[in-house]
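A short write-up of the structure that comes next.
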Amino acid sequence: MPDKTDLRENLSLPIYENSSETEIFQNQVLRPVLKLQNEIYLMLFRDYALRKISDFNSLKTEKKLSFIDQSLQKDNALRNTFIGITIGMLTSDEMTIYLSDTKSYNKRIIAMLSERLKSQVELMN
């Protein structure tokens with residue numbers, strides 16, 4: 001049976017001597033999971049946006065970007081759903097690392113996800 005890590009693309013991001021363990025985990029685990037789950041995040045956010053703002057697709061890009069930021073900052077249910085989708089793809093060893101500093105990792109997940117959604121806002125139409 002394939003391991004969860006087999007599903008992820010190897011992003012080949014460099015590891016520097018001064019990289020913290022948190023940065024290494026972010027680049028070797030979290031970023032590949034975010035890339036793997038990208039389509040799910042887009043579908044979920046598109047649905048969320050249309051439920052909150054029925055004319056979301058007609059908003060100017062600037063307003064859409066602001067809505068993404070505000071939603072991920074203020075809607076705890078949305079945040080927790082995205083975090084759950086992400087950590088659900090971790091192995092038990094990776095989960096141990098994640099649990100050692102959930103606050104920091106959650107902040108990183110949401111920040112990377114926000115940038116990911118904003119960079120693909122045109123795909124949400």
Side-chain angles (χ1 to χ4, degrees):
M1 185 163 111
D3 187 87
K4 289 178 183 178
T5 57
D6 296 335
L7 300 172
R8 300 180 205 152
E9 188 175 328
N10 182 357
L11 300 182
S12 301
L13 297 171
I15 299 173
Y16 301 103
E17 286 179 30
N18 60 347
S19 293
S20 69
E21 288 187 31
T22 304
E23 289 174 296
I24 293 169
F25 185 79
Q26 171 186 295
N27 290 334
Q28 293 195 330
V29 177
L30 296 178
R31 284 187 191 281
V33 168
L34 289 170
K35 186 169 185 172
L36 173 69
Q37 297 291 77
N38 189 62
E39 187 176 350
I40 303 300
Y41 299 131
L42 286 173
M43 290 173 67
L44 186 65
F45 194 84
R46 183 182 316 120
D47 179 70
Y48 171 85
L50 291 172
R51 280 188 284 119
K52 295 290 182 181
I53 305 175
S54 58
D55 63 341
F56 179 77
N57 291 336
S58 64
L59 294 178
K60 293 191 183 302
T61 301
E62 189 176 299
K63 291 267 190 202
K64 288 180 182 179
L65 298 178
S66 174
F67 179 74
I68 291 169
D69 273 336
Q70 288 178 357
S71 298
L72 289 172
Q73 287 173 14
K74 296 181 179 168
D75 191 324
N76 286 330
L78 180 67
R79 285 173 56 95
N80 290 338
T81 299
F82 281 133
I83 290 167
I85 290 169
T86 305
I87 67 172
M89 291 305 298
L90 301 181
T91 65
S92 57
D93 289 341
E94 292 165 345
M95 183 62 78
T96 301
I97 296 168
Y98 168 80
L99 291 172
S100 72
D101 194 3
T102 57
K103 187 175 180 179
S104 170
Y105 290 124
N106 287 348
K107 204 179 252 190
R108 287 172 182 266
I109 289 167
I110 295 302
M112 289 186 294
L113 188 57
S114 176
E115 291 307 311
R116 182 170 278 281
L117 291 172
K118 289 190 294 188
S119 72
Q120 299 176 86
V121 72
E122 71 282 351
L123 299 178
M124 290 187 217
N125 291 334

Worksheet item: Is there a donor-acceptor contact under 3.5 Å from the side chain of S104 to the main chain of D101?
Response: no
Item to complete: Could you tell me whether the side chain of L99 reaches within less than 4.5 Å of the side chain of Y105, counting heavy atoms only?
Response: no
Item to complete: Side-chain contact test, heavy atoms from C-beta onward, threshold under 4.5 Å: evaluate it for E122 versus K64 and give yes or no.
Response: no
Practice prompt. Find out whether R46 and F56 are in side-chain contact, i.e. whether some heavy atom of one side chain is under 4.5 Å from a heavy atom of the other.
Written response: no
Worksheet item: Using 4.0 Å as the upper bound for N to carboxylate O, is an ion pair formed by R79 and D75?
Response: no
Worksheet item: Do you know which two heavy atoms are closest between Q28 and P32, and how far apart they sit?
Response: O-CG, 3.5 Å
Discussion item. Please check if the number of heavy atoms outside M95 that lie under 6.0 Å from its CE is greater than 12.
Written reply: yes
Discussion item. As an exercise, state the distance from CD of E23 to CD of Q26, rounded to the nearest 0.5 Å.
Written reply: 7.0 Å
Worksheet entry | Euclidean distance, T22 OG1 relative to N27 CG, rounded to 0.5 Å | 11.0 Å
Worksheet entry | Euclidean distance, L117 CG relative to L34 CG, rounded to 0.5 Å | 9.5 Å
Worksheet entry | Atom CD of E21: over 12 foreign heavy atoms under 6.0 Å | no
Discussion item. The test is side chain to side chain contact (heavy atoms under 4.5 Å, CB included); show your working for K52 and F67 and say whether it passes.
Written reply: CA-CA 10 Å; K52 295 290 182 181; F67 179 74; 3.8 Å; yes
Item to complete: For the pair K4 (side chain) and L90 (backbone), establish whether a donor and an acceptor sit closer than 3.5 Å, ignoring hydrogens and angles.
Response: yes
Worksheet item: L123, I53: one ILVMFWY side-chain cluster at the under-4.5 Å cut-off?
Response: yes
Discussion item. Applying the side chain to side chain contact (heavy atoms under 4.5 Å, CB included) criterion to Y98, which one of T86, I109, V29, D93 satisfies it?
Written reply: I109
Practice prompt. Apply side chain to side chain contact (heavy atoms under 4.5 Å, CB included) to Q37 and F82, showing your working.
Written response: CA-CA 10 Å; Q37 297 291 77; F82 281 133; over 6 Å; no
Worksheet item: Does R8 use its side chain to pair, donor to acceptor, with the backbone of M89 at less than 3.5 Å?
Response: yes
Worksheet entry | Spacing of M43 atom CE and N38 atom CG [to the nearest 0.5 Å] | 11.5 Å
Worksheet item: Less than 4.5 Å apart, any side-chain heavy atom of I85 and any of V33?
Response: no
Worksheet entry | Cluster overlap L50 with L44, hydrophobic side-chain contacts below 4.5 Å | yes
Worksheet item: Are any side-chain N or O atoms of T81 and backbone N or O atoms of A77, one a donor and one an acceptor, separated by less than 3.5 Å?
Response: yes
Worksheet item: How far does CG of L30 sit from CD1 of I24, to the nearest 0.5 angstrom?
Response: 12.5 Å
Discussion item. With a 4.5 Å cut-off on side-chain heavy atoms, are Y41 and Q120 touching?
Written reply: no
Worksheet item: To the nearest 0.5 Å, how far apart are CD in Q73 and CD1 in I68?
Response: 12.0 Å
Worksheet item: Should L72 and I40 be regarded as members of a common hydrophobic cluster, given that ILVMFWY residues are connected when their side-chain heavy atoms come within less than 4.5 Å of each other, either directly or indirectly?
Response: yes
Worksheet entry | Student check: side-chain heavy atoms of S66 and E62 closer than 4.5 Å | no
Fill in: Any donor-acceptor N or O pair under 3.5 Å, side chains D3, T5
yes
Discussion item. Any non-hydrogen side-chain atom of L78 less than 4.5 Å from a side-chain atom of F45?
Written reply: yes
